[in-house]
Amino acid sequence: MKRLGIFSVLILLICLVSESQAQGVGRDNRPDSSSTAGREVSLVKELKLTEAQDKEMRRIRTVYSNRILKLRSEIIGKSIQYRDLLRDPAASEDSIRAKGREIEAVDTQLIRERIDFEIEMRKILTPEQFQRWYSAMDQQPAKKKPIR
């Protein structure tokens, strides 16, 4: 059972990595790193950030991106375990529900991290800058929800 779960996680990660690399080429819904860097430069110019604001914005983005990525990975892993439990005729209803609650708890934590990120951004931007930044964020293509 454990080997199957580990194998499933490895396959999922390989698929996610190959999918993200494939989408960076010739598609607009997930830009590659060079266009992301260009978008950041454009955003800095559009918002008219000071050097200190730009530096703090990058720091906050890095911190929260790492946290959010870790939580998304955790959700993926727990979702695989959940599916394994559903497929296992010997798994109890309690264990299936417990795994669902674990996913729900991590998902709640993910939402809190996103809220904290936006609050941190509000602290470094002027109200006008924040409005422009928030509008720019709304115009980005929708990201895929995590696999559940």
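Keep in mind that what you see is a predicted model, and the values were worked out from it rather than measured. All residue numbers refer to positions in the sequence shown, counting from 1.
For Q53 (side chain) and T50 (main-chain N/O), a donor-acceptor pair under 3.5 Å exists by modelled atom type. Judged by distance alone, with hydrogens and angles left aside, the side-chain atoms of S65 form a donor-acceptor pair with the main-chain N or O of R61 at under 3.5 Å. Between the side chain of Q129 and the main chain of L47, a donor-acceptor pair closer than 3.5 Å is present. Listed for the N66 side chain is a donor-acceptor partner under 3.5 Å among the backbone atoms of T62.
The distance from atom OG1 of T108 to atom CD of E113, rounded to the nearest 0.5 Å, is 12.0 Å. Summarising the geometry, atom CD1 belonging to I80 is positioned 12.5 Å from atom CG belonging to L85; distances are rounded to the nearest 0.5 Å. For the atom pair CD (E104) and CD1 (I75), the distance works out to 11.0 Å, reported to the nearest 0.5 Å. With rounding to the nearest 0.5 angstrom, the CD1 atom of I124 is 8.5 Å from the CZ atom of R59. Here the straight-line distance linking atom OG1 of T126 with atom CZ of R132 works out to 6.5 Å at 0.5 Å rounding. Atom CD of E74 is separated from atom OG of S79 by 10.5 Å, given to the nearest 0.5 angstrom.
Of all non-hydrogen atoms in L110 and I68, the two that sit nearest each other are CD1-CG2, 3.6 Å. Between R122 and F130, the closest heavy-atom pair is CG-CE1, 3.2 Å. Taking each heavy atom of M57 and L49 in turn, the nearest pair found is SD-CD1, 3.5 Å.
Under the 4.5 Å side-chain heavy-atom criterion for grouping Ile, Leu, Val, Met, Phe, Trp and Tyr, I111 is connected to I119 within one hydrophobic cluster.
Between R97 and E93 there is a salt bridge, with a side-chain nitrogen of the basic residue lying less than 4.0 Å from a carboxylate oxygen of the acidic one. Salt-bridge annotation for E120 and K123: present, with a side-chain N of the basic residue lying under 4.0 Å from a carboxylate O of the acidic one.
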Run the numbers on R87 and R83 for side chain to side chain contact (heavy atoms under 4.5 Å, CB included), then give the verdict.
CA-CA 6 Å; R87 291 183 186 126; R83 280 191 229 128; 4.1 Å; yes

Would R58 and D54 count as a side chain to side chain contact (heavy atoms under 4.5 Å, CB included) if you check the C-alpha gap in whole Å, the side-chain angles of each, and the deciding distance to 0.1 Å?
CA-CA 6 Å; R58 289 176 192 270; D54 182 37; 3.2 Å; yes

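Cation-pi check for R67 over Y64 is met; the charged atom lies under 6.0 angstrom from the ring centroid and within 45 degrees of its normal.
Side-chain contact between D88 and I96 is absent, with no heavy-atom pair separated by less than 4.5 Å. Contact check for Q131 versus E128: no side-chain heavy atoms found under the 4.5 Å cut-off.
Partners of R112 by salt bridge (charged side-chain N to carboxylate O under 4.0 Å, His left out), not counting sequence neighbours: none found.
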